[in-house]
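Step one of this worksheet: look at the structure below.
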Amino acid sequence: MTTPPPPEILIAIRGVAKRFDLGKAVVHALREVTLDIYRGEYLSVMGPSGSGKSTLFNMIGALDHPSSGSVIIGGVTLTDLTSRQLAHFRSHYIGYVFQSYNLLPAYDAITNVALPLLFSGIAPADATARAVKMLERVGLGHRLTHRPDELSGGQQQRVAIARALVAEPVIILADEPTANLDLHTGEEIIQLLRSLCDEL
Ligand code: ADP
Ligand code: MG
């Protein structure tokens, strides 16, 4: 009989503080946050507006750096990386889903999803095939050539989720992904994220 391997800590947040010095006042957005997140874990961070959720996400996504403490992802301390290494980290490790879907209005669903792959040098035919597959997985196989203004809010968020996942990131950060959706559609989007997390 073999024992299963112990769960792997993917994200280790160690005493992270973030202060914004505005001259007239110092805002403590995060105070000494320590948290382990395991590979494959689905985690919701809840708190009122202004409690530091986006600031914490920006630390994990390496969009901003802590005032003190450290963020260690896959054993690598983010503050040790050069800006070139950070760019590589962001494009290979992180998929970001935003409250406002941030799709490019002039392009159809396939192109919006394929763009991150095209930017990373993947051949157009390959990128398109992967975008189609991802859009099918999020339930949009019937809206491949629709532009954002031809899609509902929930469908646009599905396109954004497909775009965040198409390059197979290790971590998906979704910052209030349902804030612009009605309750029912929001629940569908959360269900979709949960099931994708289980599958991946
Ligand atoms: P949440 O996402 O939970 O609503 P935020 O992380 O956006 O909260 O903000 C946490 C606190 O940090 C708030 O008080 C906010 O005003 C402040 N804050 C966030 N970003 C900045 C910034 N760039 N400059 C100054 N203060 C900021
Ligand atoms: Mg926020």
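One-based numbering along the sequence shown. Ligands are counted one by one from 1 in listed order, and the atoms in each one are counted from 1 as well.
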State the atoms of ligand 1, each with its element, that fall below the 4.0 Å cut-off from a heavy-atom position in Thr55. 5 (P), 6 (O), 9 (O), 10 (C)
Any N or O of Glu176 that comes nearer than 3.5 Å to an N or O of ligand 1? no
Under a 4.0 angstrom heavy-atom cut-off, which atoms of ligand 1 come close to Pro48? 3 (O)
Under the criterion side chain to side chain contact (heavy atoms under 4.5 Å, CB included), which of Gln155, His146, Met134 is the partner of Leu140? Gln155
Identify the protein heavy atom lying closest to atom 7 (O) of ligand 1, giving its residue, its atom name and the separation to 0.1 Å. Ser54 CB, 3.8 Å
Metal check, the Mg ion (ligand 2) vs Gln99 N/O/S, cut-off below 2.8 Å: no
How about CZ on Phe119, more than 12 heavy atoms from neighbouring residues, nucleotides or ligands closer than 6.0 Å, or not? no
Taking Asn112 for the side chain and Tyr107 for the main chain, is one N or O donor matched with an acceptor at less than 3.5 Å? yes
Please identify which of these residues, Leu56, Thr34, Ile73, meets the side chain to side chain contact (heavy atoms under 4.5 Å, CB included) condition with Ile13. Leu56
Between the main-chain N or O of Val27 and the side-chain N or O of Lys18, is there a donor-acceptor pair closer than 3.5 Å? no
Return yes or no for this condition: an N or O of Ala29 is under 3.5 Å from an N or O of ligand 1. no
Short N-O contact, Arg147 and Glu150, less than 4.0 angstrom: yes
Intermediate values then yes/no, side chain to side chain donor-acceptor pair (under 3.5 Å), Thr55 and Asn58: CA-CA 5 Å; Thr55 305; Asn58 290 342; 5.6 Å; no
Whether Ser70 side chain and Thr77 backbone form a donor-acceptor pair below 3.5 Å: no
Taking a cutoff of less than 4.0 Å between a non-hydrogen atom of the residue and any ligand atom, is Ser49 in contact with ligand 1? yes
Atom 8 (O) of ligand 1 [closest protein heavy-atom partner, distance rounded to 0.1 Å]: Gly52 N, 3.2 Å
Does atom 16 (O) of ligand 1 have a protein non-hydrogen atom under 4.0 Å from it? no
Go through ligand 1 atom by atom and flag the ones less than 4.0 Å from a non-hydrogen atom of Val27. 12 (O), 14 (O), 17 (C)
Just need the protein heavy atom nearest to atom 27 (C) of ligand 1, so name the residue and atom and give the distance. Phe20 CD1, 3.3 Å
Decide whether an N or O pair under 3.5 Å exists between Gly50 and ligand 1. yes
Please could you name the atoms of ligand 1 that Leu22 approaches to less than 4.0 Å, counting only its heavy atoms? 25 (C)
Going from CD1 on Ile72 to CD1 on Ile11, what distance comes out if it is rounded to the nearest 0.5 angstrom? 11.5 Å
